[in-house]
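Bear in mind that the values here come from a model prediction, so they are computed numbers and not experimental data. In each ligand, atom 1 is the first atom listed, and ligand 1 is the first ligand listed.
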Amino acid sequence: MTAAVSTGFDFAAYLEASRLRVEGALDASLGPERPESLREAMRYSLLAGGKRLRPILCLAACELAGGDAALAMPTAVALEMIHTMSLIHDDLPAMDNDDLRRGRPTNHKVYGEANAILAGDALLTRAFEMVALRSPGVPAERLLAVVAELSLASGAPGLVGGQVVDLECEGRQVDLATLEYIHLHKTGALLRACVLSGALIAGASEALLAALTTYARGIGLAFQIIDDILDVTASSDVLGKTAGKDLTADKTTYPKLLGLEESRRRADELVAEAKDALAPWCAGAGAQRAAPLLALADYITSRDR
Ligand code: FPP
Ligand code: MG
């Protein structure tokens, strides 16, 4: 039984309430963008739905560290902007050449390639504006630490580096260490930034930041293993994106290297490691504050899309 269950925590209600708060903040986040065509392309992908797990992780980490989640909302929005940008660019013909994302035509299918690239660029830079200029009430040195985390997660040490190795490895046999490198950078780096930035806004201790780093590594790899499994087992309808893409693109995946059963066992093991890292913060009054992050870790392996 998980700690989340033992506190009587209603995860479904938490997830839905958090998602709605995030949707509201995302909707309000794009105002001054001009020209209108750019704003439309940015909004098309930013407001296309989705689980909003990254912003919710940021808010949950802020609360675990004893902070006010409202203060972390601009950063939570920034994280979703970076994630959305990475998906717009990932879907481009020069990368994964995908037509379907979140159940709708991909950005470049609707607005053309040049506009999709520019909408992604505008979302990425806007993310830093959200933190630097639109985060009232957070001390400047904490915002600086958040900017540092977002930079590391987005650039060569994170998303970009992971994506480059991923593209280079298409059609080649890849070992487990390389696959892990790709996922820790392409997916894990941003998840790490989500929990660390939320905690930094709350002024978390070094010990909690270290525990959240371990937590993020576990859920980041587990998230990607499940993504690989769903690519094989789920339909495009359920996923809202093209299923079976990994096979078509001849990508190395966890199921390909380890088989489906071992991949799922590995994902479960990583989620258990992630939750264990938070154990010192789960005792007594901490149980309520840790419940969302524990439940989010479980959700990563139980999700069907
Ligand atoms: C989806 O992976 C892609 C990512 C998680 C990251 C892509 C990163 C970039 C395009 C780098 C851009 C970054 C900057 C800062 C310009 P996937 O193809 O395995 O998943 P999918 O099935 O959802 O497409
Ligand atoms: Mg892709």
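Remark: among candidates Gly155, Ala127, Ser86, Gly162, the nearest residue to atom 10 (C) of ligand 1 is Ser86, based on non-hydrogen atoms. Which of Met95, Gln163, His183, Met85 comes nearest to atom 12 (C) of ligand 1 through a heavy atom is settled by distance: it is Met85. Counting only non-hydrogen atoms, the option in Lys251, Arg102, Lys186 that gets closest to atom 5 (C) of ligand 1 is Lys186.
Counting heavy atoms from C-beta on, the side chains of Thr252 and Glu170 never come closer than 4.5 Å. Under the 4.5 Å side-chain criterion, counting only non-hydrogen atoms from C-beta, Val160 is not in contact with Ser154.
Note: Tyr14 and Phe11 have parallel aromatic rings, judged against thresholds of 30 and 60 degrees for the angle between ring planes.
Relative to the six-membered ring of Phe223, Arg54 meets both conditions, a distance below 6.0 Å and an angle of at most 45° to the axis.
For ligand 1, the polar-atom distance check finds no N/O of Gln224 at less than 3.5 Å from any of the ligand's N/O atoms. Some N or O of Asp96 is nearer than 3.5 Å to an N or O of ligand 1, by distance alone.
With respect to atom 1 (C) of ligand 1, the closest heavy atom belonging to the protein is Asp90 OD2, 3.5 Å. Here the protein heavy atom with the shortest distance to atom 13 (C) of ligand 1 is Val160 CG2, 3.5 Å. Scanning the protein for heavy atoms near atom 15 (C) of ligand 1, the closest one is Ser154 O, 3.3 Å. In this structure, atom 22 (O) of ligand 1 lies nearest to the protein heavy atom Lys241 NZ, 3.2 Å.
Leu57 and Leu87 are members of different hydrophobic clusters when ILVMFWY side chains are connected at heavy-atom separations under 4.5 Å.
Checking Asp98 against the Mg ion (ligand 2), every N/O/S atom stays at or beyond the 2.8 Å cut-off.
Taken from CE in Met85 to CG in Leu124, the straight-line distance is 4.5 Å, to the nearest 0.5 Å.
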Checking salt bridge (Lys or Arg N to Asp or Glu O under 4.0 Å) for the pair Arg217/Glu180: CA distance, chi angles, key distance, verdict? CA-CA 10 Å; Arg217 186 184 189 283; Glu180 204 162 281; 3.1 Å; yes
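For the salt bridge (charged side-chain N to carboxylate O under 4.0 Å, His left out) with Lys186, the lone residue among Asp166, Asp90, Asp227 that qualifies is Asp166.
At a heavy-atom cutoff of 4.0 Å, ligand 1 is contacted by the side chain of Leu124 but not by its backbone.
The six-membered or imidazole ring of His183 lies near that of Tyr254, with a centre-to-centre distance under 6.0 Å.
Near Leu159, meaning under 4.0 Å from any of its heavy atoms, are these atoms of ligand 1: 6 (C).
Seen from the Mg ion (ligand 2), atom OD2 on Asp96 and atom OD2 on Asp90 lie at an angle near 100° (rounded to 10 degrees).
At least one heavy atom of Arg101 sits closer than 4.0 Å to an atom of ligand 1.
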